[in-house]
Amino acid sequence: MTVKYLIRTFVFAALLLASSGSLADMRGSGDLGVIIERASGSIQIIETTNRTKLFSVEGLGDLSHASVVFSRDQRFAFVFGRDGGLTKVDILTGKIVKRVVQGGNAIGGAISQDGKLVAVSNYEPGGVRVFNSQTLEMVADIPAEYDGGLLSKTVGLVDAPGNKFIFSLYDAGQTWIADFSASNTPVITKFTDIGLLPYDGLITPDARYYIAGLFGEDGMAMLDLWHPEKGIKRILDGYGRGEEPLPVYKMPHLEGWAAAGGNIFLPAIGRYEVLVVSASSWKEVARIPVHGQPVFAMARPDGRQVWVNFAHPKNDVLQVIDVDTMSIIKTFKPGRAILHMEFTPRGEQIWVSVRDRNVVEVYDTTTLEKITELPVDTPSGIFLSARASRMGL
Amino acid sequence: MMKMLSQSPARNVFISAGLFFLLLAFSVPAAGTEQDPEPKRQRELIHLLVQDCGSCHGLTLKGGLGPALLPQDLEGKDNEYLSEVILEGVPGTPMPPWNVEITENEVRWLVRRMKEGEINDR
């Protein structure tokens with residue numbers, strides 16, 4: 001009797017301890033993020049509060065060009081790999097939940113406004129495929145057909161209000177809206193003749209304007225989503241002023257984070273400049289000379305700074321533009337192949353991938369001093385879970 | 001030792017001849033592939049191919065915005081033509097000229113290497 005009582009007390013105490021232990025282990029995912037390890041097909045899950053690595057997750061295939069979107073509860077990361085792999089990772093446990101290889105050669109993806117659909121942009125076969133975000137079962141296949149049967153590579157895929165996806169056709173010079181608001185059989189609206197060789201696209205943070213960068217022309221293609229009936233409008237026409245463009249050794253990326261102070265900051269193509277365009281008049285406001293061909297121009301969430309990295313062979317430099325004075329206030333040289341940057345949600349830190357040094361550096365964006373660096377194998381994209389609550393990311 | 005050698009002219013001739021053939025032995029394979037870059041440069045070129053050409057053609061060279069560059073894709077294409085495309089670029093397309101950092105000798109080696117495949121940057 002006494003022994004039984006002791007055992008019962010012990011078991012009860014142990015259970016209590018165990019449960020309080022797991023309660024202590026519980027955490028949110030709002031300060032977590034994913035770093036792509038480009039060469040090894042793995043990702044690191046990190047947290048930005050104490051700046052540590054939590055998990056290494058392997059077996060995600062070819063991540064030579066990869067991007068990530070997050071579920072609306074910020075628990076799951078959807079990783080889009082070059083080989084068409086779509087992998088759903090639980091970032092709280094560091095485990096792969098589900099993985100499908102949905103195409104032959106993919107470039108990126110997006111998650112719908114309601115969080116139920118994940119879309120993947122493919123080069124091969126050219127088009128967009130859409131999946132149930134719970135099960136990763138395909139719900140829609142949108143081949144990017146043009147000129148009577150040819151398939152175009154698709155680029156610049158973003159989500160838009162009204163459960164829409166927008167993307168552009170690289171080979172065809174078109175922008176398509178796929179509307180999933182009524183059913184999983186999308187209503188497609190096509191805009192043709194937007195310009196030659198759209199290479200990427202962005203949606204402004206207010207999700208009103210979609211802009212496609214054009215490699216083949218001296219300008220960009222803009223669509224006002226409040227008035228799609230007005231069609232594509234050409235902006236920044238002739239920004240190169242007819243001068244011979246410089247060779248581009250890496251295509252710029254456009255992301256919806258480049259809006260600051262009522263202006264949008266865009267990498268020029270074939271010019272060592274960041275273009276500043278008014279988000280109300282769509283006229284050029286300024287152009288800021290920079291170190292090389294810009295790849296990413298990313299605005300700090302408060303819009304006061306824009307950080308810029310560059311294409312090969314000038315990819316060992318990172319520059320900071322002060323939006324107030326439109327001038328470079330800092331030039332860093334962290335090492336070769338600075339591939340990506342990501343601000344923490346409120347912008348007090350920026351995380352920077354320095355591929356050839358196998359580190360991710362973290363800077364304080366107020367002092368512009370380096371806080372720390374973490375060893376990461378050939379780091380490329382850095383994606384923080386706060387992206388879950390931003391349209392177009 | 002040196003003293004002994006200098007005391008024997010016959011041995012000197014032998015050694016000279018030996019040295020000559022030794023040099024010849026080294027120079028013969030070098031003559032056949034005299035334009036091959038040094039091993040260190042070869043590694044740099046492979047790094048460039050995988051990482052930087054890979055920006056558009058894919059890290060595994062199976063294609064991206066740019067076309068695939070695997071052996072089966074390059075088969076039958078003239079080496080001189082491929083070399084020129086790399087060095088001069090293709091106007092009107094995103095393919096830039098690489099002659100600012102790759103020499104003619106290096107590009108010939110690179111094209112041969114690309115046709116062999118099994119390229120690994122690690």
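Here is how names work: the chains are called A, B, and so on, in the same order as the sequence lines, proteins then strands, and each is numbered from 1.
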Please state whether the side chain, the backbone, both or neither of A/D356 comes within less than 4.5 Å of a heavy atom of chain B. side chain
Determine whether more than 12 heavy atoms belonging to other residues, nucleotides or ligands lie under 6.0 Å from atom CD of B/E104. no
Work out which heavy atom in A/L197 is nearest to a heavy atom in B/G92; give both atom names and the distance. CD1-O, 4.4 Å
Closest non-hydrogen atom pair between B/P94 and A/Y170, with its separation: CG-OH, 3.3 Å
d(A/N315 CG, B/S55 OG) to nearest 0.5 Å is 8.5 Å
What do you reckon, is CD of B/Q42 surrounded by more than 12 foreign heavy atoms closer than 6.0 Å? yes
Please give me the minimum heavy-atom distance between B/L65 and A/K153, naming the atom from each residue. O-NZ, 3.0 Å
Given A/H312, A/R38, A/K250, the one that forms side chain to side chain donor-acceptor pair (under 3.5 Å) with B/Q51: A/R38
Chain A heavy atoms under 4.5 Å from B/V100: which part of the residue, side chain, backbone, both or neither? side chain
State the SG-OH distance between B/C53 and A/Y249, to the nearest 0.5 angstrom. 10.5 Å
Please report the interatomic distance OG1(B/T60) to CG(A/D62), rounded to the nearest 0.5 Å. 4.5 Å
Where is the tightest heavy-atom contact between B/K62 and A/G104, given as atom of each residue plus distance? NZ-O, 2.9 Å
Has B/Q72 got more than 12 heavy atoms of other residues, nucleotides or ligands less than 6.0 Å from its CD? yes
With a 3.5 Å distance limit and no angle check, can you tell me whether A/N105 reaches the backbone of B/G63 through a side-chain donor-acceptor pair? yes
